[in-house]
Amino acid sequence: MTLRLTNTLTRRTEEFRPLEPGKVSIYCCGVTVYDLCHLGHARSYIAWDVLRRYLIWSGYAVTFVQNYTDIDDKILRRAAEENSSMEAVSERNIEAFMADMARLNILPADRMPRATQSLEAIRALIGELEARGAAYSADGDVYFAVLKHAGYGKLSGRDLAEQQQNADGRVTDAEEARKQHPFDFALWKGAKPGEPSFPSPWGAGRPGWHIECSAMVRAELGDTIDIHLGGADLIFPHHENEIAQSEAATGRELARYWLHNGMVNVGGQKMSKSLGNFTTIRALLDSGVSPMTLRLFVLQAHYRKPLDFTAEALEAAATGWKGLNAALGLAEAIGAASGDDPHPRDAAGLSPELVAARQRFAAAMDDDLNTSAALAVLFELVKPLRSLANRLERGDAAAAEAASSPLLASQGRLLLELAGVLGLQPEAAPVAGTTHSNGPCDQTIQDRIEARQTAKASRDFATADHIRAELQAQGIELIDKPGGLTEWRRV
RNA sequence: GGCGGCAUGGCCAAGUGGUAAGGCAGAGGAUUGCAAAUCCUUUACCCCCAGUUCGAAUCUGGGUGCCGCCUCCA
């Protein structure tokens with residue numbers, strides 16, 4: 001079985017065949033760095049991270065390029081608000097982006113070009129388009145002429161003639177008046193007084209949004225790439241325009257597969273800055289939601305479908321992750337004890353059942369990255385491991401023996417392998433006995449626990465329960481373990 | 001108005017012709033002084049109507065509801 005992906009360009013789910021066998025070139029539309037990333041970005045980049053990891057796991061050599069849009073009106077506005085510079089705003093948000101992605105265990109792209117560092121390629125591309133008659137300048141701006149490009153609208157399914165009719169009733173401002181067609185878009189914008197600008201044959205100014213991607217794709221990966229990624233909200237006009245620019249200039253197909261992820265919704269509506277219904281990645285993670293919980297939450301739904309963000313669904317993911325994490329932790333422990341490769345990459349040494357599970361996982365992923373079905377395979381592997389973990393905790397002698405069984409070890413190995421493909425990595429549980437700035441100190445807690453042990457020993461359960469309630473109120477949870485031991489942790 | 005997508009149990013979500021994966025929550029049981037955790041068992045005929053078929057959640061047609069894009073947006 002081979003990987004099948006839903007291609008926006010053909011509106012079909014088709015078999016993935018890279019241009020060059022064994023190699024895949026990917027371009028992922030990155031962020032405009034005027035602010036922190038929100039959950040919409042998280043969803044998108046987690047999905048594409050999984051695509052990338054799966055391709056690598058499948059044996060492909062993947063080159064993954066993701067850009068930073070660091071020239072933009074919104075960045076300028078933000079800089080003006082802060083009485084700072086475009087560079088400063090960009091720099092700060094790029095750092096925040098990298099930190100957020102790292103927390104979510106999203107692999108950094110192989111190369112991350114920036115618009116400000118790609119001006120030469122951008123100017124060259126505009127020049128080519130002009131030479132080919134696909135662009136025209138007007139009052140210091142340069143526009144792409146959509147009517148000159150046969151095939152404009154092929155990605156988003158738009159018909160220019162029809163759209164022109166629909167646009168007739170639209171308000172025409174000064175810029176609209178300069179355009180030959182309402183869909184024409186700026187390749188180069190002439191600088192307004194006081195704005196940062198860059199020199200060009202058309203005068204000082206800055207590149208339009210769409211052209212930077214066309215230029216960076218070409219500079220980094222060539223005329224035709226295998227896969228182009230982005231959110232569904234980029235299909236039109238951004239990706240449509242990218243295709244028009246690139247293909248008008250090179251005469252070659254820009255990307256063979258266009259993949260788009262569905263939006264994150266809040267209360268049935270798209271999460272967006274303008275609606276003000278967004279949650280930033282760092283706000284969510286800082287509120288105590290673990291990165292892997294967010295990752296599991298995202299991967300439980302198919303990447304192309306809308307994903308409704310609710311506290312309840314997130315809670316469910318958190319509980320689900322807790323169980324999965326426990327199994328991963330045990331699998332790691334068993335693996336370490338047996339001296340196994342902690343990052344297995346093949347099916348060697350697996351029982352027929354486990355080989356079948358591995359195949360079910362691959363089949364699910366091959367089916368347009370059906371992570372939901374793939375996770376079901378993971379949870380099947382989780383069950384026996386969790387069961388064993390529990391028996392070990394109870395000091396079950398038979399369990400200790402089972403823990404050293406090769407079958408269980410290979411089961412754990414497989415679980416770690418497959419979880420790794422989804423970018424799910426074990427997280428350390430909250431450490432018992434950690435000293436904290438607020439709440440009672442460790443010694444006090446120990447004393448209370450001992451007092452409770454004494455009460456329990458004399459079957460004075462009223463006192464014992466009282467002590468537990470008391471500590472609970474201070475944010476300390478007590479858990480009685482077999483053998484009379486009591487553990488505690490801050491909640 | 002144009003283009004695209006979605007509608008599956010209390011919640012989330014797979015399944016795209018042969019009698020409904022998985023997670024969460026719930027219920028019953030086991031264990032526990034209690035609690036937590038854990039383990040076992042258990043809960044759906046798939047928005048509506050019509051049609052195709054031996055057989056449809058799955059295909060066709062018609063409804064209804066919801067969402068995205070058409071302006072910056074992952």
Side-chain angles (χ1 to χ4, degrees), chain A residues 8 11 13 28-32 34-35 37-48 69 72-74 153 155-159 162-163 165-167 169-170 182-183 185 209 229-238 240 260-265 268-275 278 296-297 299-302 304-308 310-324 326 360 364 367 370-380 382-383 386-394 456 459-462 464-465 468-469 472 477-482 487 489 491:
Chain A
T8 308
R11 271 147 239 193
T13 304
C28 177
C29 272
V31 284
T32 301
Y34 73 102
D35 205 349
C37 287
H38 58 66
L39 298 179
H41 301 104
R43 198 264 171 107
S44 184
Y45 299 140
I46 286 171
W48 306 141
T69 297
D72 173 81
D73 287 343
K74 289 194 282 288
L155 181 71
S156 58
R158 256 153 256 255
D159 181 81
E162 219 167 57
Q163 298 290 334
Q165 268 185 337
N166 287 326
R170 229 186 246 173
F183 276 10
F185 52 90
W209 175 36
L229 305 170
D233 51 356
L234 297 185
I235 296 171
F236 189 90
H238 186 54
E240 192 70 72
H260 292 98
N261 64 275
M263 300 293 99
V264 172
N265 290 168
Q269 277 195 314
K270 177 183 166 183
M271 177 176 285
S272 74
K273 295 269 157 119
S274 49
L275 284 169
F278 62 92
L296 183 64
F297 170 68
L299 295 179
Q300 272 180 323
H302 186 87
R304 281 192 293 111
K305 288 199 175 179
L307 176 61
D308 216 30
T310 64
E312 198 184 5
L314 197 66
E315 187 76 26
T319 315
W321 169 245
K322 211 164 120 192
L324 180 51
R360 278 203 307 282
D367 181 17
N370 189 342
T371 50
S372 189
L375 279 168
V377 176
L378 258 66
F379 277 104
E380 283 169 28
V382 161
K383 230 175 194 188
R386 288 183 73 182
S387 167
L388 178 77
N390 185 46
R391 285 196 291 150
L392 279 175
E393 189 165 88
R394 285 160 178 251
K456 275 175 70 179
R459 302 194 68 79
D460 178 7
F461 297 121
D465 290 349
R468 174 164 45 211
Q472 180 80 48
E477 185 176 38
L478 298 186
I479 302 146
D480 291 337
K481 295 285 178 178
E487 283 183 5
R489 64 162 188 237
V491 288

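Residue numbering restarts at 1 for every chain, and letters A, B, ... go by the order of the sequence lines.
A distance of about 15 Å separates the P atoms of B:U58 and B:G9, rounded to the whole Å. Using atom P as the reference point in both B:G29 and B:A36, the two lie 15 Å apart (nearest Å). Comparing the P positions of B:U41 and B:G22 gives an interatomic distance of 12 Å, to the nearest angstrom. To the nearest whole angstrom, the two P atoms, one in B:C59 and one in B:C46, are 15 Å apart. Nucleotides B:C47 and B:U64, compared at atom C1', are 8 Å apart to the nearest Å. Remark: the separation of the P atoms in B:A21 and B:C49 is 24 Å, to the nearest Å. Taking atom P in both B:C6 and B:G61, one finds a spacing of 15 Å when rounded to whole Å. When the C1' atom is used for both B:U52 and B:G62, the distance is 15 Å, rounded to whole Å.
In this structure B:A74 sits in no base pair that meets the Watson-Crick or G-U test at under 3.5 Å. B:U19 makes up no base pair with any nucleotide shown, lacking Watson-Crick or G-U wobble contacts both under 3.5 Å. B:C3 is paired with B:G68 under the Watson-Crick or G-U wobble criterion, all donor-acceptor distances under 3.5 Å. The nucleotide B:U42 finds its pairing partner in B:G26, both defining distances of the Watson-Crick or G-U wobble pair being shorter than 3.5 Å. Remark: B:U52 base-pairs with no nucleotide in the shown strands. Criterion, Watson-Crick or G-U wobble with two distances under 3.5 Å. Under the Watson-Crick or G-U wobble criterion, with both distances below 3.5 Å, B:C34 is left unpaired in every strand shown.
For the pair A:Phe278 CZ and B:A74 P, the interatomic distance rounds to 12 Å; values are reported in whole Å. Rounded to whole Å, the distance from NZ on A:Lys305 to C1' on B:U16 is 11 Å. Whole-Å rounding puts the A:Phe297 CZ to B:C24 C1' distance at 12 Å. The separation between A:Leu307 atom CG and B:G23 atom P is 19 Å, rounded to whole Å. Here B:C69 presents its P atom at 20 Å from CZ of A:Phe185, a figure rounded to the nearest Å. Spacing between atom CD of A:Glu487 and atom P of B:U32 amounts to 19 Å, rounded to whole angstrom units. In this structure, A:Asn261 places its CG atom 15 Å from P of B:G68, rounding to the nearest Å. The NE2 atom of A:His238 sits 16 Å away from the C1' atom of B:C70 (whole-angstrom rounding).
At a cut-off of 3.5 angstrom, counting only N and O atoms as typed in the model, there is no donor on one side facing an acceptor on the other between the side-chain of A:Arg43 and the base of B:A74. Under 3.5 Å, the side chain of A:Asp465 and the base of B:G33 form at least one donor-acceptor pair of N or O atoms.
Here A:Tyr45 lies in heavy-atom contact (under 4.0 Å) with sugar-phosphate atoms only. Nucleic acid contact for A:Val264: base, since at least one base atom lies under 4.0 Å from a heavy atom of the residue. Within the 4.0 angstrom heavy-atom criterion, base atoms lie near A:Gly40. Heavy atoms of A:Gly262 sit under 4.0 angstrom from at least one base atom. Base contact: A:Phe461 has a heavy atom under 4.0 Å from a base atom. Counting any heavy atom pair closer than 4.0 Å across all strands shown, A:His302 reaches sugar-phosphate atoms only and no base atom. Counting non-hydrogen atoms under 4.0 angstrom, A:Lys270 reaches a base of the nucleic acid.
Within 6.0 Å of NZ in A:Lys383 there are 12 or fewer heavy atoms belonging to other residues, nucleotides or ligands.
Nearest nucleotide to the side chain of A:Ala373, out of B:C24, B:A35, B:A14: B:A14. Closest contact between the side chain of A:Asp480 and the listed nucleotides B:C24, B:C34, B:C40 involves B:C34. For A:Asp367, counting side-chain heavy atoms from C-beta on, the closest listed nucleotide (B:G15, B:A74, B:C72) is B:G15. With B:G33, B:G4, B:A25 as the choices, the nucleotide that has an atom nearest any side-chain atom of A:Arg11 turns out to be B:G4. Closest contact between the side chain of A:Ala464 and the listed nucleotides B:G33, B:G23, B:A74 involves B:G33. Minimum atom distance to the side chain of A:Ala313 is reached by B:C12, of the listed B:A35, B:C12, B:U38. In this structure, of B:A35, B:A74, B:U71, it is B:U71 that holds the atom nearest to the side chain of A:Phe183. Looking at the side chain of A:Ile479, the nearest of the listed nucleotides B:A13, B:A36, B:C70 is B:A36. Side-chain atoms of A:Arg386 lie closest to B:C39 of the nucleotides B:C39, B:C67, B:A74. With distances taken from any side-chain atom of A:Ser44 to the nucleotides B:C69, B:G33, B:A74, the minimum falls on B:A74.
RNA chain B is contacted by both A:Ser372 and A:Ala462; A:Ser372 maps to the nucleotide lying nearer its 5′ end (nearest heavy atom per residue). Projected onto RNA chain B by closest heavy-atom contact, A:Asn370 and A:Arg459 fall at different nucleotides, the more 5' of which corresponds to A:Asn370.
A:Phe183 places none of its side-chain heavy atoms less than 4.5 Å from the side chain of A:Glu240.
Note that CG of A:Leu378 and CZ of A:Arg360 are 11.0 Å apart. Values are rounded to the nearest 0.5 Å. Here A:Gln300 contributes atom CD and A:Thr371 contributes atom OG1; the two are 9.0 Å apart, rounded to the nearest 0.5 Å. Rounding to the nearest 0.5 Å gives a distance of 12.0 Å between CD of A:Gln472 and CG of A:Asp465. Atom CG in A:Leu299 sits 10.0 Å away from atom CG in A:Leu307 (nearest 0.5 Å). The distance from the CZ atom of A:Phe278 to the CG atom of A:Asp35 is 6.0 Å, given to the nearest 0.5 Å. To the nearest 0.5 Å, atom CZ of residue A:Arg304 and atom CG of residue A:Asn261 are 11.0 Å apart.
Taking each heavy atom of A:Cys29 and A:Tyr45 in turn, the nearest pair found is O-OH, 3.0 Å.
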